[in-house]
There are 2 protein chains.
Amino acid sequence: MAETGTKTPRERYRTQVRAEIKERAWEQIATAGATALSLNAIAKRMGMSGPALYRYFASRDELITELIRDAYRSLADTFRAASGSGADAAALARALRGWALDDPQRYFLVYGTPVPGYHAPDDVTAIASGIMATLLDACAALPADGAATPFAAHLEGHRQWADGHPAPSPALHRALTFWTRLHGVLSLELAGHFAGMGFDPALLFAAELEALLGDLGAGSADGG
Amino acid sequence: MAETGTKTPRERYRTQVRAEIKERAWEQIATAGATALSLNAIAKRMGMSGPALYRYFASRDELITELIRDAYRSLADTFRAASGSGADAAALARALRGWALDDPQRYFLVYGTPVPGYHAPDDVTAIASGIMATLLDACAALPADGAATPFAAHLEGHRQWADGHPAPSPALHRALTFWTRLHGVLSLELAGHFAGMGFDPALLFAAELEALLGDLGAGSADGG
DNA sequence: GTCATTGCGTTACAACTTCTAACGAACACG
DNA sequence: CGTGTTCGTTAGAAGTTGTAACGCAATGAC
């Protein structure tokens, strides 16, 4: 049951039905959020009765976990594609924003409010490591400015998350700030906290990116 | 039935029961998240039957909205207290982190994944404006460095969210970056995305705060 | 103090959810 | 052409939110 490619017509059918279930699930999530995902509603939309779906996913949580897995994979693919033509941090940032705006609920599935008891399976954290590796590549390729920060020194002693990546610790620090700052703008934007404030979130995102790239030698990150 | 203070014993009892419901709700949210909040479970814990709670909250959504309101008020109070002894951005940042770590799910209730259809009531957005005003006070009190950023120029034309606050536009930009950067670190930390990476999130938060305060004249925000 | 009104908590119920169990039918394979 | 695995079904348990109708108790007026 393992080393055959896509073989038996039953498995073919099975993967197809699983794919359609996930498709409908994404539709539901996009319009009503992950908490409102209903297996019964998906089944009815597919012309089946509720319990039929349990042949394909053991539980609602397993379906959501699978969707989270796909979301991580999608982000990793997007990152890989964006960094294909050379490790470019700016391209990575733009790709991240595009990916986030393309399906905000997918972004929240990865970076949103976690369920307190939930632990991501190992393969998901492995994908996350790959995403981080791509980001580290781009950050290590940036021109390094002079002095290391105190936090970079701390990272020198806590770099196991880099998973053997040879980036110097200032690049590690830069990668983390890249992550947290872009996520800070994106998550607030997608959550609607900028709605009605009037300014253009894209410009704030661009300003943060500029600060991340530009304050290497130049000046202030947040202006003034 | 309005302008009396806390008068009739019935209203006294009513507000007390409402308070206890919210108390139990916070307990549930802290341990299982907002989506797992169950009115029936709260009722049973209080020794009442399920539908009794509908005398006090019209629906589960109304209860959650009330909790969101309380969370906003709590953050506003924390900010006011932290800025009471002079508008100090660093004190505000520390207060924010303490407030977030004190009850992560409360933080997520304010800044976490939103329900797609949800619109916050007006008084909540008013409280949010107050929080922003406190932050603007602190940012306007910071020493201003030289040139304005392009985004600050954009903000000059889109400052209605400042609600008449006299802060110059670079301070507006600084307030926004304050918000987004600290939220970026905090939300990823509280969501557990730093778990297992080894470094100390408090140091990353401190580094971001340092960058926000220190790159006025000095150097790089993210080192390297 | 008596009495009417108001509000509270109850049970019963509808409609929904996830998920299990048992059954029948269709399909793939030897 | 059997045989067996798998799929989809219906029935049902246990949970949820929320409504409706009822009884009781406490409140406030007289």
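Throughout, a chain's letter reflects where its sequence line sits, starting with A, and its residues are numbered from 1. What you are looking at is a predicted structure, and each value in this text was computed from that prediction instead of being measured.
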For B:Arg10, report the nucleic acid contact type (base, sugar-phosphate, nothing); a contact means any heavy atom under 4.0 Å. base
At under 4.0 Å between heavy atoms, what does A:Leu53 touch on the DNA or RNA strands: base, sugar-phosphate, or nothing? nothing
Nearest listed nucleotide, side chain of B:Arg55, among D:dC22, C:dC19, D:dC7: D:dC22
Nearest to the side chain of B:Pro51 - D:dA20, D:dT17, D:dC7? D:dA20
Donor-acceptor pair, A:His154 side chain versus B:Asp200 backbone, under 3.5 Å? yes
Rounded to whole Å, how long is the line connecting atom CD1 of A:Ile42 with atom P of C:dT17? 11 Å
Any donor-acceptor pair under 3.5 Å linking the side-chain atoms of A:Tyr107 with those of A:Ser187? no
Separation between CZ of A:Arg174 and OG of A:Ser169, rounded to the nearest 0.5 Å: 11.5 Å
Using whole Å, report how far CG of B:Asp61 lies from C1' of D:dT16. 13 Å
Contact under 4.0 Å: B:Asn40 side-chain N or O vs D:dT17 OP1/OP2: yes
Which part of the nucleic acid does B:Tyr56 contact within heavy-atom distance under 4.0 Å: base, sugar-phosphate only, or nothing? sugar-phosphate
Can you tell me the distance, in whole Å, between the CZ atom of B:Arg18 and the P atom of C:dG9? 13 Å
Working for side-chain contact (heavy atoms from CB on, under 4.5 Å), residues A:Thr113 and B:Thr35: CA-CA 10 Å; A:Thr113 309; B:Thr35 69; over 6 Å; no
Sugar-phosphate only, base, or nothing, as touched by A:Leu37 at under 4.0 Å among non-hydrogen atoms: sugar-phosphate
For C:dT18, does either OP1 or OP2 sit under 4.0 Å from a side-chain N or O belonging to A:Ser38? yes
Atom-pair distance (CD1 on B:Ile21; P on C:dG9), nearest Å: 9 Å
What contact category does B:Ser49 fall into here, base, sugar-phosphate, or nothing, at under 4.0 angstrom with non-hydrogen atoms? base
Closest approach to the side chain of B:Tyr54, judged atom by atom: which nucleotide of D:dG18, D:dC7, D:dG8 is it? D:dG18
